[in-house]
Q: 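First, the structure itself, so that you have it in front of you.
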Amino acid sequence: MIEPRTLKGFRDHLPAQALARERLLDIARRVYRSYGFAPIDTPALEYLEILVGKGSEETDRQLYRFRDHGGRDVGLRFDLTVPFARFAAQHVHELGLPFKRYHMAPVWRGENTQRGRYREFVQCDFDTIGTTSPVADLEMVLVVHDLFVAIGIERFTIRLNDRRVLTGILTRLGLAARGPHVLRSLDKLAKVGAESVAAELAAQGVGADAAATLLEMASLTGPPATVLAALERLVGETEIGRTGVAALRVLVERAEQGGVGGGRLAVDPSIARGLDYYTGLVLETFLDDLPTLGSVCSGGRYDDLAGLYTKQPLPGIGASLGLDRLLAGLEELGCLDARETPADVFLPYFDERHLVDYLRIAAALRAGGVAVELYPEPRKLGQQLKLAAKRGFPTALVIGSDELAAGTAQWKDLHAQTSTMIDWHGDLAVLVDAVRSGLSARH
RNA sequence: GUGGCUGUAGCUCACUCGGUUAGAGCACCGGUUUGUGGUACCGGGGGUAGCGGGUUCGAAUCCCGUCAGCCACCCCA
């Protein structure tokens, strides 16, 4: 006997979870499309050279790689951005610019697992390439906002920053060359506290004054306007810094005008996101009730997406929703539906002599757009209803020989445990109408 | 990849210093006389104590390895 098991960081998805996942995918798809992003897809497997091109040690370590049967060195994609870069370089001529795409697919990383961190997980990316317009930046924020609202999450915060602000401050302090290390230390502020960070900075040779300035920057909180005012002071006369602050100010203002509600936008200078390739706006999204889960949707602006694969500069901006991480969060918060069935109507196979009637009723409902499950065996009605309730069917349609003779049906609300009678006179169209209006009244 | 904690029925857990056939709740299946479900009662299936090895007369209980989960580092969705 082979022991049934799954690899570390790889998971099965039972119906309740799979339904929740599909719901999130549907919502993301709808929101992305509502802004005109078009779907694309790319292979899970790429030539190794495509994936390691960016070549940080970290991605190398996390990469699932092997030699295929034809002797090619290949790897599983670890994000959707690198394949998109390759895709864009390969197809720009067919796409036209600017180009907006979304891509929802699994990625693989051989790193250590943790809550909300898996080795196989789904990302839902959207990017706009071929334009440096701030409108695209704004749109990214709006999409993220719409996404979480559409999912039904009330309490979330989109944290914004601009790499140019960081660069400005670091330049002013004469630390531009050591940027990555300094930012990495600052990133830990929320976790380890100011003292530890200060010690770490000192160890890196950062002077006390500079360290104090950096800590002040990373500790800034409050309404965006307040933080921006402080940042304006901190970037001093550096041109790049002033540009960054100005861009953030305009962005926040327009986003608020665009309907992003109070408190959901924050300017957070400690966000350093993607220490290498982001060059402008950076964004992270947190669930207010579960901040330790980490960002569930992150992104930013980059000067050149595909420089490794083409000489044509492709500036762009985009973000990625971590579907599986978000799902882990929603599950922990008890926000997930317990339903295990996608069907709205359960139809007991009640009276053995009337199978044909049941088939006809089910067919009519389906033709009318109602998902209905007919139980496959004429078991005891009680058992069938019990199963239906357990599966989370909202309703059941009980029709026995008495009902068929009278042209009626018992329409059960399985949650409320109530029952109403539908009088359809043997006319299927009437029955379907009654069920449809009954179901839509529930929502 | 490094370090720490954890691992007993599907789930949550119990089993006093290592000592007879490892228990409970929930869940599941069946029944309470043949057409009506979350309550009640009765009955039932299910665990080689993650897996492998060692110490011991004897281990769920101690030791080692391994796999998995969680936490931290790192990184990130």
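Chain identifiers are assigned alphabetically (A, B, ...) following the order of the sequence lines, protein sequences preceding nucleic acid strands; residue numbering begins at 1 within each chain. The shown structure was predicted, so the numbers you read here are calculated from the model rather than taken from an experiment.
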Q: What does rG3(B) pair with, Watson-Crick or G-U, if both distances are under 3.5 Å?
A: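 When the pairing criteria are applied, rC71(B) turns out to be the nucleotide that pairs with rG3(B).
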Q: Can you work out whether E111(A) or S419(A) has the more 5'-proximal nearest nucleotide on RNA chain B?
A: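 Per heavy-atom nearest nucleotide, the more 5' residue is S419(A).
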Q: Need one value for E403(A): base, sugar-phosphate or nothing, where a base atom within 4.0 Å counts as base even if backbone is also close, heavy atoms only.
A: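 Base: the residue E403(A), judged by heavy atoms under 4.0 Å, touches a nucleobase.
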Q: Tell me: CG of D351(A) to P of rU36(B), nearest whole Å?
A: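 Distance, rounded to whole Å: 13 Å.
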Q: Report yes if the side chains of D337(A) and R23(A) come closer than 4.5 Å at any heavy-atom pair, otherwise no.
A: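 Sidechains of R23(A) and D337(A): no contact.
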Q: For rU21(B) and rU16(B), measure between their P atoms and round to the nearest Å.
A: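 Here rU21(B) and rU16(B) have their P atoms 16 Å from each other.
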Q: Which of these nucleotides, rC75(B), rG35(B), rA72(B), is closest to any side-chain atom of Q62(A)?
A: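 For Q62(A), the side-chain atoms sit closest to rC75(B).
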Q: I need the CZ-C1' distance between F286(A) and rC76(B), as an integer number of Å.
A: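 My rounded result for the distance is 11 Å.
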Q: Considering only the C1' atoms, how many Å lie between rG45(B) and rC29(B), rounded to the nearest integer?
A: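 Pairwise C1' distance, rG45(B) against rC29(B), rounds to 7 Å.
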Q: Are side-chain heavy atoms of Q90(A) and Y309(A) found at a separation under 4.5 Å?
A: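 No, too far: nothing below the 4.5 Å cut-off.
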Q: Taking atom C1' in both rG19(B) and rG58(B), what distance in whole Å separates the two?
A: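 To the nearest whole Å, 7 Å.
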Q: For nucleotides rA22(B) and rU61(B), find the distance between their C1' atoms and express it as a whole number of Å.
A: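 It works out to 12 Å between them.
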Q: Do the side-chain N or O atoms of T113(A) get closer than 4.0 angstrom to the phosphate oxygens (OP1, OP2) of rG69(B)?
A: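 Answer is yes, contact under 4.0 Å.
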Q: Base, sugar-phosphate, or nothing: which does G9(A) touch, judged by heavy atoms less than 4.0 Å apart?
A: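 Sugar-phosphate contact only.
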Q: It should be established whether R379(A) places a side-chain nitrogen or oxygen under 4.0 Å from OP1 or OP2 of nucleotide rG37(B).
A: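 No, no such contact exists.
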Q: Picking from rG37(B), rA77(B), rC74(B), which would you name as closest to the side chain of R109(A)?
A: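 In terms of side-chain proximity for R109(A), the closest of rG37(B), rA77(B), rC74(B) is rA77(B).
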Q: Counting only Watson-Crick or G-U wobble pairs whose two distances fall under 3.5 Å, which nucleotide matches rU39(B)?
A: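 Answer to the pairing question: none, since rU39(B) forms no Watson-Crick or G-U pair.
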Q: Counting only side-chain nitrogens and oxygens, does K380(A) get under 4.0 Å of the OP1 or OP2 atom of rU32(B)?
A: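 For K380(A), the contact criterion (side-chain N or O under 4.0 Å from OP1 or OP2 of rU32(B)) is met.
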Q: Any salt bridge linking R101(A) with D125(A)? Criterion: basic side-chain nitrogen under 4.0 Å from a carboxylate oxygen.
A: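 Salt bridge: yes.
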Q: With a non-hydrogen cut-off below 4.0 angstrom, is D125(A) in contact with a base, only sugar-phosphate, or nothing?
A: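 No contact at all - D125(A) keeps every heavy atom at 4.0 Å or more from the nucleic acid.
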Q: Considering every strand shown, what is the Watson-Crick or G-U wobble mate of rG44(B) when both distances are under 3.5 Å?
A: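 Partner of rG44(B): rC28(B).
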Q: Output the single nucleotide from rG1(B), rG30(B), rA77(B) whose closest atom is nearest the side chain of Q383(A).
A: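 When the side chain of Q383(A) is considered, rG30(B) is the closest of rG1(B), rG30(B), rA77(B).
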Q: Separation of L63(A) atom CG from rC75(B) atom C1', in whole Å?
A: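 Roughly 15 Å, once rounded to whole Å.
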Q: Would you measure the distance from the C1' atom in rC71(B) across to the matching atom in rC11(B) and give it in whole Å?
A: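 Taking atom C1' in both rC71(B) and rC11(B), they lie 23 Å apart.
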Q: Return the NZ to CD1 distance between K100(A) and I129(A), rounded to the nearest 0.5 Å.
A: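 If we round to the nearest 0.5 Å, K100(A):NZ and I129(A):CD1 are 12.5 Å apart.
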Q: Within a strict 4.5 Å, meaning less than it, do heavy atoms of the F87(A) and I40(A) side chains meet?
A: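 Yes, close enough: below the 4.5 Å cut-off.
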Q: Where the side chain of K386(A) is concerned, which of rA77(B), rG37(B), rC71(B) is the nearest nucleotide?
A: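 Output: rG37(B).
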Q: Quick one: is rA72(B) close enough that its OP1 or OP2 comes under 4.0 Å of any side-chain N or O from Q114(A)?
A: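 The answer is yes; a side-chain N or O of Q114(A) sits under 4.0 Å from OP1 or OP2.
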Q: NA contact type, G294(A), heavy-atom cut-off 4.0 Å: base, sugar-phosphate, or nothing?
A: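 Touches nothing.
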Q: Please work out which of the three classes, parallel, tilted or perpendicular, describes the rings of H354(A) and Y358(A), given edges at 30° and 60°.
A: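 Correct class here is perpendicular.
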Q: Side-chain N or O of R117(A) versus OP1/OP2 of rA77(B): is the shortest distance under 4.0 Å?
A: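 R117(A) to rA77(B) OP1/OP2: no side-chain N or O under 4.0 Å.
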Q: Give a yes or no on this: more than 12 heavy atoms of other residues, nucleotides or ligands lie within 6.0 Å of atom CZ of R436(A).
A: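 No - once you tally the heavy atoms of other residues, nucleotides and ligands closer than 6.0 Å, there are 12 at most.
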Q: Measure from the side chain of R115(A), starting at C-beta and using heavy atoms only, and say which of rC70(B), rC74(B), rG37(B) lies closest.
A: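 Nearest listed nucleotide: rC70(B).
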Q: Using whole Å, report how far CD of E331(A) lies from P of rC70(B).
A: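 After rounding, the gap between these two atoms is 12 Å.
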Q: Choose from rA72(B), rA77(B), rG37(B) the nucleotide whose nearest atom is closest to any side-chain atom of N112(A).
A: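 The nucleotide sitting nearest to the side chain is rA72(B).
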Q: Expressed as a whole number of angstroms, how long is the span from Y118(A):OH to rG69(B):P?
A: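 Rounded to whole Å, this separation is 10 Å.
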Q: Below 4.5 Å, heavy atoms only, C-beta onward: do V282(A) and R163(A) meet side chain to side chain?
A: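 Yes. Closest side-chain heavy atoms under 4.5 Å.
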Q: Report which part of the nucleic acid A389(A) touches: base, sugar-phosphate, or nothing (heavy-atom distance under 4.0 Å, all strands).
A: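 Answer is base: heavy atoms of A389(A) come under 4.0 Å of a base.
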Q: Watson-Crick or G-U wobble partner for rU21(B), using a 3.5 Å limit on both distances?
A: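 Answer to the pairing question: none, since rU21(B) forms no Watson-Crick or G-U pair.
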Q: Using the C1' atom on both, measure rU6(B) against rC13(B) and round to a whole Å.
A: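 Nearest-Å result for rU6(B) against rC13(B) at atom C1': 14 Å.
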Q: Mind calculating the distance between CZ (R325(A)) and P (rC75(B)) to the nearest angstrom?
A: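 Those two atoms, CZ and P, are 14 Å apart.
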Q: If you measure from the C1' atom in rC42(B) to the same atom in rG35(B), how many Å do you get, rounded?
A: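 About 24 Å, rounded to a whole number of Å.
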Q: Counting any heavy atom closer than 4.0 Å, what does L321(A) reach on the DNA or RNA strands: base, sugar-phosphate only, or nothing?
A: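 Touches nothing.
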Q: Return no unless some side-chain N or O of K390(A) is found under 4.0 Å from OP1 or OP2 of rG37(B).
A: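 Indeed not, no polar side-chain atom of K390(A) lies that close.
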Q: So what's rG65(B) paired with, Watson-Crick or G-U wobble, going by both distances under 3.5 Å?
A: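 Paired with rG65(B), as far as the under-3.5 Å criterion goes, is rC51(B).
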Q: In whole Å, what separates the C1' atom of rA9(B) from that of rG3(B)?
A: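 The answer is 33 Å between these two C1' atoms.
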Q: May I ask whether F121(A) stacks on the base of rA77(B), given the cut-offs of 5.5 Å between ring centres and 30° between planes?
A: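 Yes; by the centre-distance and plane-angle rule, F121(A) counts as stacking on rA77(B).
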Q: Here's a test of your reading of the structure: between G110(A) and D324(A), which maps to the more 5' nucleotide of RNA chain B?
A: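 Nearer the 5' end of the strand: G110(A).
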